[in-house]
Structures are given as structure tokens and as C-alpha cells.
Amino acid sequence: MLAKHRLMVPGPTPLPPAVVAAAVQPLEDERTPQYSRVFLRVVDRLRQVLRTRNDVLVTTSSMTGAFEGALVNLLSPGDHVLVATNGAFGERWVAMARAHGYRVTEVPAPWGRPVDMAEVARVVDRCPDLALAVCVHCETSTTVVNDLEAFAAACGDVLTLVDSASGVGACDVRTDDWGLDVVVAGGQKALMTPPGVAFTSISRRAWDRHRRATSPRFYFDWDAAADAMAADVPRTPWTPAISLLSQLDRALGGLLEEEGLDEALARHRLLGRMTRAAVRASGLGLVTDRDVDAAATAAVLPPSVDRDTVVAAMAADHGVQVVGAPGAWGARIVRLGHCGWIDPLDVVTTVAALELALADAGMDVELGAGVAAALRVRADSSHPVLEGVR
Ligand SMILES: *Cc1c(COP(=O)(O)O)cnc(C)c1O
């Protein structure tokens, strides 16, 4: 039977046809004024999405490249870094900072729980030599969202760095209102662009620190990027992923000018509510049922059902690609992505595929119970149908 391929993981995410089409334009030289205008528009649009007036630098790499770049641009060898962790991505930051020889103090929360910002504040008080504090916004491995406003407040005068990879575009990021010094993210989650572009917003305080930071750097050197931005024809210091930037430009135009950022955030909130209601009604557990915006929902399967069988059946039998969660912690967890170019009926389809796969795996599931719960949330929402990027 024909099955459509529906990508419902929290990154990479489906591309609107207009964003696909933006990739297949004839290539331009990035040093021309015409292309520079596209580049500058991307930077301006990223500022709007991050709600900041800070500088935004764009790099060609997956997001981890820009993460590593942020560390070496802000720190000197031996510097002391606080990393708040509550999942796999927080632990990536710990490993990255240790690989560079920085001293790391971890503030761990159990996986599936938010970071305890009171504990962050206590560690900040206890460690007067901290050079930087790092927190993941939406900890995609568990789907838990951390409170960035509380994080910035807990850090006081310590410079803050946030990984908002799956946050930006799906969850509100108020960079300037909350006083976040450095925010790093990229295109392949809620921003509806293929992987390969990352970006970094940098406060004045972070620039001041950067000038004194002595860790070696070259490809990701912020000075190189700032110099290229200040050139007669503003550009990136090295050849950018030209086609990807055109795609990101198209996607951001759709997000900001066709749908609207506030409307997109409201849509993501609705998708989360629909998914959580459906998971509950299907008889599954939830890692977190906090009513906050999130890029994905983590459903907990009963011990009688094999997680990998369900994930494989959803893809093979119904064309819906979802994903498990990492490690032993995630052995019974299925993550249903709902960020980016996703609408309410995509959630309904995903829940229907989940119910069918659960029934096939032997679970006593009432087919349609989750679908009905999702539909009721949709029907009760006053969410209008809006024009977004197509
Ligand atoms: C998706 C994601 C990343 C992605 O990193 P890549 O280097 O682009 O693979 C990083 N952090 C978080 C929290 C994510 O959700």
C-alpha cells in the first residue's frame, strides 16, 4: 500500500515546498551585493525570532559547531564553567567543555525533570570564579523545557549561554528581556530548514568577555565573522552554505511575515496540548505534562510493549517517523515531534499511527481514543487557521 512519509521527529523537521524550492535556484556568488542582501535579511530575521537587538553571527555547521565556537570565543584555558543538565544535550555541553580542558561544575537534575534554578543560584553563590553558565532551553532528549528567565536571574552577573536548538521558533525566547548573553541555535528544528546552518546572538557583555578570551579558535572565530559583517559587502568570513541560507531566508519570511511569530508559538502550544491529551487518552504515560510550549512530547509505553517495534511499525506500516529516547532512561519512551512545519491534523495522523502500532504490538488500546482527545483539544481551541509558508 502507498504510505506517505511523514517526518514527526523533533529535528530534522519537514520542509514546506517553498523552502524546498528555494534550494534549487541557480547558485549566486556570496560576495555580490545581491546575495549580501539575502544574508543581511536572514540576520535581521533571526534577530526578530530571538527578540534581540544583539549581534547575530551565522555559521555553516550543525549546531554543535556553533556551540563549540561559543565556548572558545568566551573562555580562556582553565576557566570554570557551570553547566545545568537534565538530559543528553546538557551532557553534550559538559563533554564539550571538558574536551577543551575547562573546569566544569555540573548542576544536574534528573532526566525528565526541569533544571532546579534555585540550585543554580546556590552554585553561582558558592563559586565566585565562574566564567560562564550554560543551560539547554528545550532538552529535546526528554522534551523538558527549562525556564530561561529564571536561569538568567539565577546566574546574576555570570555570563549566560543558552542552547535553544529546538526552542527557537517553537518556544518563546526573549533574549533581551531576559538578559541572555549568548543564544545558539540553528535551522533544522522549528525553523523548517535543512541541517547545516547555525547562529549565535552575542550581547555587549559577551563581546567584552570575548576580547579577553584566549582559547585558540579559527573557523568559528567571532572576530573573523564580525569583520566580514562589517565589510563593504557584508558576508560571512568563509564560504557559507549559500543554498541553505536562501532556504532559511524563505522559511523565516514565512514564519515572521506570513504566519507571525506569536501565532507560530500559539500553534506549537496547541500541538503540544493535543499530543499530550492524545497520549493520556491512549493509556500511555507522559514524561512531563507541564502545560508549556515544547518541540516534542515524550510518551511512556507499558513494559509489555516493545518500544523499537512500535517506532518501526509506525514508519513501516503507516509512514510516520517518530523516534525513541536515548539510553536506558529512554528504553520505554517514544518521542513525538511537533515543531516546525506541522499542523493540528499532522498530530492527529501521528496519534492514529501510534494507536494502530500499539494495537499491533499487543496493547489493549481503544482505537480512536487518542485521536478523539486530540480533536477535542483542537475543537475547543479558538486557534484560527492562518496562512503560513507553504
Ligand atoms: C537538535 C539539537 C541539537 C542539534 O545539534 P546538531 O549539532 O545540529 O546535531 C543541539 N541541542 C539540542 C538541545 C537539540 O535539540
Side-chain angles (χ1 to χ4, degrees), residues 7-15 46 49-50 57-72 83-97 99 108-109 111-115 134-148 151 160-173 180 182-201 219-220 240-241 244-245 247-248 251 268 272 287-288 292-298 321-327 329-330 333 335-342:
L7 188 56
M8 297 296 293
V9 304
T13 59
L15 305 181
L46 290 172
V49 172
L50 292 172
L57 303 180
V58 176
T59 51
T60 291
S61 69
S62 90
M63 301 192 212
T64 308
F67 296 167
E68 187 162 19
L71 290 181
V72 297
V83 183
T85 60
N86 58 338
F89 287 105
E91 291 183 3
R92 178 182 294 184
W93 280 97
V94 171
M96 206 164 22
W111 284 39
R113 303 286 311 150
V115 167
V134 180
C135 186
V136 175
H137 184 193
C138 177
E139 181 39 273
T140 323
S141 62
T142 67
T143 73
V144 171
V145 176
N146 291 313
D147 181 343
L148 295 184
F151 175 68
T160 52
L161 195 175
V162 164
D163 166 356
S164 189
S166 64
V168 61
C171 316
D172 207 2
V173 186
L180 304 171
V182 176
V183 180
V184 191
Q188 81 260 32
K189 304 282 169 76
L191 301 187
M192 307 176 284
T193 302
V197 191
F199 51 89
T200 309
S201 80
Y219 184 75
F220 292 109
L244 285 178
L245 284 181
Q247 291 182 281
L248 182 58
H268 282 92
V287 167
T288 173
V292 295
D293 313 354
T297 296
Q321 184 69 56
V322 296
V323 67
W329 178 85
I333 291 170
R335 288 179 298 154
L336 312 170
H338 39 73
C339 68
W341 196 57
I342 304 290

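For reference, positions follow the sequence shown, starting with 1. Just follow the structure's listing: the first ligand is 1, and inside any ligand the first atom is 1.
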Contacts of T297 meeting side chain to side chain donor-acceptor pair (under 3.5 Å) (sequence neighbours excluded), chain-then-number -> H338

If you look only at distance, which donor and acceptor atoms sit under 3.5 Å apart when one is on a side chain in residues 83-96 and the other is two or more places apart or in another chain?
unit_1, atom_1, unit_2, atom_2, d
T85, OG1, E106, OE2, 2.9
N86, OD1, N146, ND2, 3.3
N86, ND2, R113, O, 2.9
N86, ND2, N146, OD1, 3.1
E91, OE2, W111, NE1, 3.3
R92, NH1, T64, OG1, 2.7
W93, NE1, D163, OD2, 3.0

For V287 and R335, what are the C-alpha separation, side-chain angles and deciding distance, and is it a side-chain contact (heavy atoms from CB on, under 4.5 Å)? CA-CA 10 Å; V287 167; R335 288 179 298 154; over 6 Å; no

Scan residues 188-201 for pairs that pass side-chain hydrogen bond (donor to acceptor under 3.5 Å, both in side chains), counting only residues two or more places apart or in two chains. none

Identify the residue among L180, V173, V184 that makes a side-chain contact (heavy atoms from CB on, under 4.5 Å) with H137. V173

Looking at P194, S166, P195, C339, which hits side-chain contact (heavy atoms from CB on, under 4.5 Å) with T13? C339

Pocket residues around ligand 1 (non-hydrogen, under 4.0 Å) come out as S62, M63, T64, F67, F89, R92, V136, C138, T140, D163, A165, S166, Q188, K189

